[in-house]
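Before any comments, here is the structure.
The sequence lines fix the lettering, A, B, ..., with proteins before strands; numbering per chain opens at 1.
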Number of protein chains: 2
Amino acid sequence: MAGKAAPLYRKVAGDLRAAITAGEYGSGARLPAEDELARTYGVSRGTIRQALGALRTDGLVTSRRGARRVVLGGGGARLQSFEELRSFARWARSQGEEPGGRTVAVDPGEATEEEAYHLRLPVGERIFRVLRVRTLSGVPVMVERTTYPERVGELVAAMDPGLASHADELEAHGVLFSDALHTIDVVPADAADAELLGCRAGDGLLRERRRSTDPAGLPVEWSQDRYLPGTVAFTVRNSSGSRAMGRSLNGS
Amino acid sequence: MAGKAAPLYRKVAGDLRAAITAGEYGSGARLPAEDELARTYGVSRGTIRQALGALRTDGLVTSRRGARRVVLGGGGARLQSFEELRSFARWARSQGEEPGGRTVAVDPGEATEEEAYHLRLPVGERIFRVLRVRTLSGVPVMVERTTYPERVGELVAAMDPGLASHADELEAHGVLFSDALHTIDVVPADAADAELLGCRAGDGLLRERRRSTDPAGLPVEWSQDRYLPGTVAFTVRNSSGSRAMGRSLNGS
DNA sequence: GGGGCGAGGTTGTACAGCCAACTGTTGTAC
DNA sequence: GTACAACAGTTGGCTGTACAACCTCGCCCC
């Protein structure tokens with residue numbers, strides 16, 4: 001029951017994160033020096049730097065050579081862990097909303113060129129296509145069209161159509177997600193979207209496409225989510241030196 | 001003209017990045033072990049790990065304990081550096097498009113509560129509001145509404161209204177950008193948007209709001225960009241363990 | 001009051017080494 | 001043949017050290 005022992009640097013990072021969000025360091029305040037943190041936590045400076053590196057990529061603090069680190073006021077927008085972001089159900093619960101949904105269709109099929117490309121499979125390979133409607137407190141907010149490779153799709157196909165969270169179930173069967181590439185844009189609702197979401201065809205929907213891979217780098221899903229306008233927004237943190245975000249021309 | 005000497009780990013990272021995008025390691029291929037890379041580059045393992053860490057946060061490779069690193073096929077979506085993402089003009093040029101734009105209005109004013117919040121200023125502080133239309137090859141694709149704190153706004157106000165890139169000019173005056181928090185959603189075009197972009201009022205536009213800060217953590221802009229549907233998409237890379245992205249309820 | 005200068009403080013980069021945790025493979029036993 | 005065990009290979013985590021680059025702040029001078 002003890003769970004895995006967290007590495008030292010994670011404990012330190014969690015501690016500092018808590019201290020910051022609890023307001024012990026106001027927005028713009030300077031953090032203690034690395035050497036001092038190392039002494040107070042009784043660890044080496046390298047470990048402290050690992051912890052601070054995590055806070056930096058989280059966007060909680062700045063850092064530049066020669067000056068103490070500065071706390072960046074969170075700005076209200078909470079960033080979520082990968083797990084919360086990946087699972088609609090977990091995310092909704094973390095926001096105090098009641099997630100729901102129903103599986104409209106689960107169809108086995110053969111990979112089109114596009115699907116094969118994103119799932120790194122040969123064209124024609126067996127895949128599963130799943131169409132779901134997601135709700136918050138009973139109100140439909142999103143249509144999700146996902147393509148799974150066979151081994152994952154079989155698990156999804158066997159699930160209860162009313163199940164709120166596929167993510168939990170997949171995890172229980174040993175399907176792990178570790179990386180995702182998201183593309184976010186706007187697309188007009190088609191007839192099916194309009195029917196399922198209760199909007200008019202042609203209305204602009206917020207679209208998120210993503211390809212997720214497991215820790216070994218194998219694609220586990222290729223998904224396209226369409227949100228009603230005004231329901232959700234995506235937040236992204238970004239800093240110089242990292243290349244985690246981009247903007248692309250919309251060719252199609 | 002030699003520019004700054006890049007740190008060792010950046011050279012190594014650049015080298016590996018080039019090798020990967022050049023296809024020397026196909027999608028799914030395994031990278032050489034850290035020790036081997038260290039020998040071939042003649043540096044310590046720590047330096048190699050720093051380089052690989054950069055590639056990992058860029059989403060080019062996976063990594064897990066016990067197994068060699070695996071190349072994640074880029075999937076076609078190119079991620080841009082912070083600088084390219086920040087500047088519309090630089091981004092456009094990097095995509096082979098001709099950026100343009102005109103400054104519609106530059107108005108000094110006093111910070112509203114919202115502006116004061118995002119720029120970390122007292123309400124009523126002097127700020128500048130700038131409205132611009134951005135074009136690609138002469139076609140309007142985006143409306144940009146930015147609020148600057150006084151010291152930055154003064155520089156912008158003095159610029160040529162037809163200048164393609166404010167970013168270059170600001171940089172020349174010592175205004176540096178280092179972090180940004182983006183919020184992406186869909187919003188209906190208002191009358192002004194419709195007029196400037198040549199669409200109908202009520203059409204769904206892709207909206208990106210961002211607050212950017214300098215290396216010391218001081219806000220330097222609070223901006224709201226609205227893109228015509230179908231012109232651009234945003235891409236984000238995301239992996240377990242990092243908290244760089246989120247999804248939020250749209251309260252307003 | 002303002003500007004220049006220098007000393008000390010702080011983070012960035014790089015090296016070396018050690019052990020633990022985990023993976024993939026090989027080979028053995030049944 | 002198949003399941004299991006041992007092993008070598010590999011990355012994660014942590015410590016310690018040294019120096020370089022850079023920032024801040026106080027001091028001095030004007």
Looking at the side chain of A:A67, which of D:dC23, C:dT11, D:dG13 is the nearest nucleotide? D:dC23
Between A:L79 and A:D58, is there a side-chain heavy-atom distance shorter than 4.5 Å? no
Give A:R49 one of three labels, base, sugar-phosphate or nothing, depending on what nucleic acid heavy atoms sit under 4.0 Å from its own. base
Nearest to the side chain of B:A33 - C:dT11, C:dA14, D:dT10? D:dT10
Is any side-chain heavy atom of B:T112 closer than 4.5 Å to one of B:R129? yes
Between OH of A:Y9 and P of D:dT15 the distance, given in whole Å, is 13 Å
Rounded to whole angstroms, how far apart are CG on B:L37 and P on D:dG9? 17 Å
Could you tell me the separation between the CG atom of B:L52 and the C1' atom of D:dG12, rounded to a whole number of Å? 13 Å
What are the two closest non-hydrogen atoms of B:L163 and B:H166, and how far apart are they? CD2-CD2, 4.2 Å
Closest-nucleotide mapping onto DNA chain D: is A:R64 or B:E36 further toward the 5' terminus? I mean the 5' end. B:E36
On the side chain of B:R45, is there an atom forming a donor-acceptor pair with the base of D:dG12 - under 3.5 Å, no angle test? yes
Rounded distance (Å) that lies between atom P of C:dG24 and atom CZ of B:R65: 14 Å
Sugar-phosphate, base or nothing in reach of A:R30, heavy atoms under 4.0 Å: sugar-phosphate
Phosphate OP1/OP2 of C:dT13 contacted by B:T47 side-chain N/O (<4.0 Å): no
Give none if C:dC30 has no partner; otherwise give the nucleotide forming a Watson-Crick or G-U wobble pair with it, both distances under 3.5 Å. D:dG1
Please state whether the phosphate of D:dT10, meaning OP1 or OP2, lies under 4.0 angstrom from any side-chain nitrogen or oxygen of B:R68. yes
Pair B:S212, B:R86: side-chain N/O donor-acceptor within cut-off below 3.5 Å: no
From the candidates D:dG13, C:dA14, D:dT10, the one with an atom nearest any side-chain atom of B:P7 is C:dA14
Hey, does the side chain of A:S63 come within less than 4.0 Å of C:dG12's phosphate (OP1/OP2), counting only N and O? yes
Is it true that the NZ or CZ of A:R90 lies under 6.0 Å from the centre of A:F88's six-membered ring and within 45 degrees of the ring axis? no
Of A:G42 and B:E34, the one whose closest nucleotide on DNA chain D sits nearer the 5' end is B:E34
Toward the 5' end of DNA chain C, which comes first, B:G46 or A:A216, by nearest nucleotide? B:G46
Rounding to an integer number of Å, can you tell me how far B:R10 CZ sits from C:dA14 C1'? 15 Å
Given atom CG of B:L8 and atom P of D:dC19, what is their separation to the nearest angstrom? 18 Å
Provide, to the nearest angstrom, the distance between the CZ atom belonging to B:R69 and the P atom belonging to C:dG24. 15 Å
